[in-house]
Novice: 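Quick one: the structure is below, and I'll ask about it shortly.
For ligands, and for the atoms within them, numbers begin at 1 and follow the listed sequence. Computed from heavy atoms alone, side chains included, the values below leave out hydrogens, waters and symmetry copies.
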Amino acid sequence: MLEVSHLEKSFGSHSVLKDISFSVHPGDVVSVIGASGSGKSTMLRCINLLETPDGGSILYHGEDITARKMNVPAYRARVGMVFQSFNLFSNMTVLENCMVGQIKVAKKSKEEAREKALKFLDKVGMSAYVNAKPRQLSGGQKQRVAIARALAMEPEILLFDEPTSALDPQMVGEVLEVMTALAREGLTMIVVTHEMAFARDISSHVLFMADGVICEEGTPKQIFGQPKEEATKEFLARFR
Ligand code: ADP
Ligand code: MG
């Protein structure tokens with residue numbers, strides 16, 4: 001579905017992604033772990049073209065998304081993103097938040113958008129809050145709405161950038177529960193996370209990033225059970 005090859009990205013003279021290659025198959029849950037500053041967010045942002053890669057290629061069903069002739073809006077509609085800071089529209093209700101992209105970007109009718117929004121709000125357990133404004137919600141509830149909003153676009157792949165890092169500890173579980181259900185249903189996901197138990201239990205594949213490279217990758221069993229690289233061992237030791 002996605003093939004990232006020799007991806008490079010610099011900000012000025014600072015080389016942030018050096019030579020990133022990996023692939024994602026339908027139904028994969030790829031967890032990305034690594035220290036702050038290692039390039040995890042930049043990599044996700046390159047994948048949905050919030051950043052323009054400087055080198056390498058990203059093939060989506062065989063088509064290079066960085067090519068000039070690429071239909072970027074159509075591609076973006078296939079790739080959803082959930083941010084650490086929720087990024088809900090504060091002036092809109094929960095329901096409106098889940099409808100606006102469908103209407104403006106996916107050009108769906110209001111009725112269809114409303115139906116989809118309600119379906120996915122139900123799925124994340126937020127049906128009772130359709131008319132609430134984001135400020136009336138807890139962090140965990142906001143993030144579940146953000147996930148429903150992304151799902152309502154019916155993406156083929158969903159990118160999560162530390163979706164639980166801004167949450168109070170007691171709210172992490174409710175968001176991970178939703179993500180676990182999505183993973184079990186076969187949604188293709190790339191998840192940047194510091195939740196090691198989640199990465200270990202849910203991922204099909206784990207990437208450990210350090211200083212702009214994939215230092216080590218493998219199954220969760222390999223990475224968490226028998227890491228080969230010293231850097232991986234040191235990083236994981238912080239979570240014990
Ligand atoms: P991570 O998500 O792993 O914490 P990031 O991808 O956010 O890492 O950042 C990697 C490096 O790139 C950091 O040193 C960060 O300061 C730098 N960086 C990220 N975005 C920008 C930007 N827009 N301009 C300049 N530097 C950036
Ligand atoms: Mg980040």
Novice: May I ask you to say whether Glu111 pairs ionically with Arg114, meaning some side-chain N is under 4.0 Å from a carboxylate O?
Specialist: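 Judged by the 4.0 Å cut-off on N to carboxylate O distance, Glu111 and Arg114 do not form a salt bridge.
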
Novice: Looking at Glu185, I want to see if its CD is surrounded by more than 12 non-hydrogen atoms of other residues, nucleotides or ligands under 6.0 Å.
Specialist: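 Yes.
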
Novice: For atom 19 (C) of ligand 1, what is the nearest protein heavy atom, given as residue, atom name and distance?
Specialist: Phe11 CE1, 3.5 Å

Novice: Looking only at side chains, do Thr188 and Asp28 share a donor and an acceptor under 3.5 Å apart?
Specialist: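 Checked: Thr188/Asp28 side chains show no N/O donor-acceptor pair below 3.5 Å.
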
Novice: Do Lys116 and Glu154 meet the salt-bridge criterion of a basic N to acidic O distance under 4.0 Å?
Specialist: yes

Novice: So with a 6.0 Å cut-off around OH of Tyr129, is the heavy-atom count from everything else above 12?
Specialist: no

Novice: Treating Thr93 as the side-chain partner and Glu96 as the backbone partner, does any N or O pair qualify as donor plus acceptor under 3.5 Å?
Specialist: yes

Novice: Determine whether any heavy atom of Glu162 lies closer than 4.0 Å to an atom of ligand 1.
Specialist: no

Novice: Provide, to 0.1 Å, the distance between atom 14 (O) of ligand 1 and the closest protein heavy atom, together with that atom's residue and name.
Specialist: His14 CE1, 3.1 Å

Novice: Give the numbers and elements of all ligand 1 atoms closer than 4.0 Å to a heavy atom of Ser36.
Specialist: 4 (O)

Novice: Enter the distance from Thr164:OG1 to Met179:CE here, rounded to the nearest 0.5 Å.
Specialist: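 Separation between the atoms: 7.0 Å.
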
Novice: Once you round to the nearest 0.5 Å, how far does CG of Leu17 lie from NZ of Lys9?
Specialist: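 Rounded to the nearest 0.5 Å, the CG-NZ separation comes to 9.0 Å.
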
Novice: List every atom of ligand 1 that sits less than 4.0 Å from any heavy atom of Ala35, numbering the atoms from 1 in the order shown and giving each element.
Specialist: 3 (O)

Novice: Can Arg149 be said to sit on top of Phe89's aromatic six-ring, NZ or CZ under 6.0 Å from centre and within 45° of the ring axis?
Specialist: yes

Novice: Please assess Ser5 against Leu7 for the test side-chain contact (heavy atoms from CB on, under 4.5 Å), listing each intermediate value before the final yes or no.
Specialist: CA-CA 5 Å; Ser5 304; Leu7 178 64; over 6 Å; no

Novice: Under 2.8 Å from the Mg ion (ligand 2), which protein N, O or S atoms do you find? Ignore water molecules.
Specialist: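 Listed by chain and number: Ser41 OG.
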
Novice: Over 60° means perpendicular and under 30° means parallel, so tell me whether Phe239 and His194 are parallel, tilted or perpendicular.
Specialist: parallel

Novice: Decide whether the shortest distance between a heavy atom of Gly37 and an atom of ligand 1 is less than 4.0 Å.
Specialist: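 Right, Gly37 reaches ligand 1.
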
Novice: Any atoms of ligand 1 less than 4.0 Å from a non-hydrogen atom of Thr42? List them with their elements.
Specialist: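 It comes down to these atoms of ligand 1: 5 (P), 6 (O), 9 (O), 19 (C).
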
Novice: Distance to 0.1 Å, residue and atom name: give those for the protein heavy atom nearest to atom 8 (O) of ligand 1.
Specialist: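 That would be Gly39 N, 3.2 Å.
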
Novice: For Met43, is at least one N or O under 3.5 Å away from an N or O on ligand 1?
Specialist: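 No: no nitrogen or oxygen of Met43 is under 3.5 Å from one in ligand 1.
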
Novice: What protein heavy atom sits nearest atom 7 (O) of ligand 1, and how far away is it?
Specialist: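 Minimum-distance protein heavy atom for atom 7 (O) of ligand 1 reads Ser41 CB, 3.7 Å.
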
Novice: Just by distance, do the side chain of Glu63 and the backbone of Leu59 share a donor-acceptor pair under 3.5 Å?
Specialist: no

Novice: What protein heavy atom is closest to atom 3 (O) of ligand 1, reported as residue, atom name and distance in Å?
Specialist: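 For atom 3 (O) of ligand 1, the nearest protein heavy atom is Lys40 NZ, 2.8 Å.
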
Novice: Pick one of side chain, backbone, both or neither for how Val16 approaches ligand 1, counting any non-hydrogen atom pair under 4.0 Å.
Specialist: side chain

